[in-house]
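Structure first, commentary second.
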Amino acid sequence: MKVVIVNCFDTYEDRIDLLHDFFINKGHDVTIIQSDFRHFKKIKRNESKRNFMFVESKPYYKNMSVARMTSHYSYAKKAFQLVEDLQPDLLYVMVPPNSLAKVAAKYKRKHRGVKLIFDLIDLWPETMPVGKIKAMPPFNFWRLMRDKGLRLADVVITECDLYQEVLKKQLTGIKTATIYLAKKEVNIVKKPILSKHEIHLCYLGSINNIIDIPKIKRLVELLHRIRPVTLHIIGDGERKDVLIDETKSVGAIVEYHGKIYDPQKKQEIFNICQFGLNIMKDSVCVGLTMKSVDYFQAGLPIINSIQADTTQIVDKYKIGINVTDEGIENVANEIANASMQELLVMREYTYKLFSSLFSVEAFNEKLENVIKGL
């Protein structure tokens, strides 16, 4: 079978690599078509990669801009010129950008024999913190590019159950499946070194405008009244200084480690932390975060405010504590009074959860079921 995977963002590349390996191991002919523009770094990529075709794309430098939307639409048209040449049996398209859904649906109308899978890794504009204007032009037209395209899919995969709930009306009558984010196993040494007298928390990832800094500050403030708190930050972003200053303002210590790519170096920080922070604004439509999967792989329980999937996972598998504005004082007391035995058991549960839901094996098993059902 000839498989073509179309993807715009290098930020989705971990998932793309898993898809590539799955289909290659099944003996299929695989080609990945991807933009040559790196979204986070806002630079062109120059390196080549096996089975990848990188499409020259227009640069953009602001995440919310006409230039970005224009770049995505131009990329979609160029990508599907290549799809037209390749004539795949299976077309697997990552969405967003929503323009890919529109152009892929147009291709499907012309080539009815191709099997079309959409993989919704994010929802635009639903996950964007732009308030009520997301229901107005141009956001509603942007959303319709995706919604109309979904009707042509043989299967729609979502990265969390929440997205299927949000798009329940649009997905009526369409075969769907949830395949969670996953990570390849890494060779790391997990040796917890937890303090009995201090609370160490970790924040991992991008520090942007969807992070609920006031909630983090309030939690740290409440904890610090009970025991000294140190917040370890691994990552960067435009709100980094705000997070650091707000945390320090309530008396806590901040250890800023910057970006760390070495898994063992990250693990050494996780080893001294009781919990990882997985806290976003309540208005953000997200069911699962990549940072939470990183925490799970490290065996680090989470303090979580993410709705739907992650809230349910935390409750079901006992791998952390869910926090809301109303219950934040109780959460602080629960964290501060957790025994060493409780923390160690929670870490054990957390890594077991990773293996059962977010490992490569779990990913492949779910994808296998989707492909069999085509």
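Sequence positions, counted from 1, serve as the residue numbers for this chain.
- Taken from NE2 in His39 to OG in Ser57, the straight-line distance is 13.0 Å, to the nearest 0.5 Å.
- Between Phe118 and Val95, the closest heavy-atom pair is CD2-CG2, 3.7 Å.
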Evaluate the criterion side chain to side chain contact (heavy atoms under 4.5 Å, CB included) for residue pair Glu185 and Val360; output intermediate values, then yes/no. CA-CA 8 Å; Glu185 193 59 87; Val360 173; over 6 Å; no
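- Put simply, Ile335 and Met340 are part of the same group of oily side chains (I, L, V, M, F, W, Y) that touch within less than 4.5 Å, one to the next.
- Asp236 is listed as a side-chain neighbour of Tyr256, based on a closest heavy-atom distance under 4.5 Å.
- How far CG of Leu181 is from CG of Leu288: 5.0 Å, rounded to the nearest 0.5 Å.
- Between Val4 and Pro88, the shortest heavy-atom distance links the atoms CG2-CB, 3.5 Å.
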Could you go step by step and tell me if Leu300 and Arg347 meet the side chain to side chain contact (heavy atoms under 4.5 Å, CB included) rule? CA-CA 6 Å; Leu300 183 63; Arg347 292 179 91 95; 3.7 Å; yes
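- Residue Tyr12 holds its OH atom at 13.0 Å from CG of Leu19, rounded to the nearest 0.5 Å.
- Heavy atoms of other residues, nucleotides or ligands lying less than 6.0 angstrom from CD of Glu198 number more than 12.
- Side-chain contact between Pro96 and Ile121 is present, with heavy atoms from C-beta onward closer than 4.5 Å.
- Hydrophobic clustering (side-chain heavy atoms under 4.5 Å, transitive across Ile, Leu, Val, Met, Phe, Trp, Tyr) keeps Ile272 apart from Met346.
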Please lay out, stage by stage, how Lys217 and Glu221 fare under the test salt bridge (charged side-chain N to carboxylate O under 4.0 Å, His left out). CA-CA 6 Å; Lys217 175 185 176 181; Glu221 181 181 20; over 6 Å; no
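- Here the CG atom belonging to Asp154 is positioned 5.0 Å from the NZ atom belonging to Lys115, to the nearest 0.5 angstrom.
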Using the side chain to side chain contact (heavy atoms under 4.5 Å, CB included) rule, take Ile32 and Val30 through it: C-alpha gap first, then chi angles, then the decisive distance, then the call. CA-CA 7 Å; Ile32 293 103; Val30 181; 4.0 Å; yes
Which donor-acceptor pairs under 3.5 Å do the side chains of residues 363-374 make with protein atoms, sequence neighbours left out?
residue	atom	partner	partner atom	Å
Glu368	OE1	Lys26	NZ	2.5
Asn369	ND2	Glu365	O	3.4

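- By the side-chain contact (heavy atoms from CB on, under 4.5 Å) test, Val103 pairs with Ala76, Phe80, sequence neighbours left out.
- Under the side chain to side chain donor-acceptor pair (under 3.5 Å) criterion, Lys148 pairs with no residue at all, not counting sequence neighbours.
- Heavy atoms of other residues, nucleotides or ligands lying less than 6.0 angstrom from NZ of Lys77 number 12 at most.
- The side chain to side chain donor-acceptor pair (under 3.5 Å) check on Gln264 picks up nothing, with sequence neighbours excluded.
- Under the salt bridge (charged side-chain N to carboxylate O under 4.0 Å, His left out) criterion, no residue pair touches residues 296-318, with sequence neighbours excluded.
- More than 12 heavy atoms of other shown residues, nucleotides or ligands fall within 6.0 angstrom of atom NZ in Lys78.
- Phe23 contributes atom CZ, which lies 13.0 Å from atom CG of Asn51 (distance to the nearest 0.5 angstrom).
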With a 3.5 Å cut-off and sequence neighbours excluded, list the donor-acceptor pairs that the side chains of residues 325-332 form with protein atoms.
residue	atom	partner	partner atom	Å
Glu329	OE2	Arg218	NH2	3.4

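- The two residues Lys108 and Val114 come nearest to each other via the heavy atoms NZ-O, 2.6 Å.
- Using a 4.0 Å cut-off between a side-chain N of Lys or Arg and a carboxylate O of Asp or Glu, Lys169 and Asp147 do not qualify as a salt bridge.
- Phe54 is linked by a ring-ring contact (aromatic ring centres under 6.0 Å, His included) to Phe52, counting only residues two or more places apart in sequence or in another chain.
- Residue-environment remark: NZ (Lys58) stays at or below the threshold of 12 foreign heavy atoms within 6.0 Å.
- Evaluation of the side-chain contact (heavy atoms from CB on, under 4.5 Å) rule for Lys41 yields Arg38, Ile43 as partners, not counting sequence neighbours.
- In Lys102, the NZ atom is not crowded: 12 or fewer heavy atoms of neighbouring residues, nucleotides or ligands sit closer than 6.0 Å.
- With a 6.0 Å radius and a threshold of 12 heavy atoms from other residues, nucleotides or ligands, Lys49 has its NZ atom above the threshold.
- Leu219 and Ile253 fall into different hydrophobic clusters, where Ile, Leu, Val, Met, Phe, Trp and Tyr residues are linked whenever their side-chain heavy atoms come under 4.5 Å apart, directly or through other members.
- The two residues Ile211 and Lys281 come nearest to each other via the heavy atoms O-CE, 3.8 Å.
- With sequence neighbours left out, the side chain to side chain donor-acceptor pair (under 3.5 Å) criterion links Asn278 to Thr289, Asn304.
- Listed by first then second residue, pairs satisfying ring pair (Phe, Tyr, Trp, His ring centres under 6.0 Å) with a partner in residues 158-193 read Tyr180-Phe358, not counting sequence neighbours.
- Contact check on Arg15 versus Asp119 returns a salt bridge, with a Lys/Arg side-chain nitrogen under 4.0 Å from an Asp/Glu carboxylate oxygen.
- Enclosure of atom OH in Tyr349 is not indicated, since only 12 or fewer non-hydrogen atoms of other residues, nucleotides or ligands lie within 6.0 angstrom.
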For the pair Lys184 and Asp17, evaluate salt bridge (charged side-chain N to carboxylate O under 4.0 Å, His left out) and give the outcome as yes or no after the intermediate values. CA-CA 10 Å; Lys184 294 180 179 179; Asp17 289 341; 5.3 Å; no
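- Shortest non-hydrogen contact noted between Ile260 and Lys265 is CG2-CB, 3.8 Å.
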Passes side chain to side chain contact (heavy atoms under 4.5 Å, CB included), Phe296 versus Leu357? Steps please. CA-CA 10 Å; Phe296 299 155; Leu357 290 186; over 6 Å; no
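- Closest non-hydrogen pair, Val286 versus Gln307, comes out as O-CG, 3.5 Å.
- For Glu238, the side-chain contact (heavy atoms from CB on, under 4.5 Å) test picks out Asn208, with sequence neighbours left out.
- The aromatic rings of Trp124 and His72 sit parallel to each other, their planes meeting at less than 30°, with 60° as the upper class boundary.
- A salt bridge links Lys352 with Glu348: the closest approach of a Lys/Arg side-chain nitrogen to an acidic carboxylate oxygen falls below 4.0 angstrom.
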Take Glu165 and Lys168 through the test salt bridge (charged side-chain N to carboxylate O under 4.0 Å, His left out) and record every step on the way to the result. CA-CA 5 Å; Glu165 184 62 30; Lys168 184 185 294 184; 3.1 Å; yes
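- Clustering ILVMFWY residues whenever any of their side-chain heavy atoms sit less than 4.5 angstrom apart, transitively, puts Ile188 in a cluster other than the one holding Met290.
- There is no path of hydrophobic side-chain contacts, each under 4.5 Å, that joins Leu277 to Ile226.
- Thr176 meets the side-chain contact (heavy atoms from CB on, under 4.5 Å) test with Val156, Gln164, Leu171; sequence neighbours excluded.
- Atom CG of Asn271 sits about 12.5 Å away from atom NE2 of His200, to the nearest 0.5 Å.
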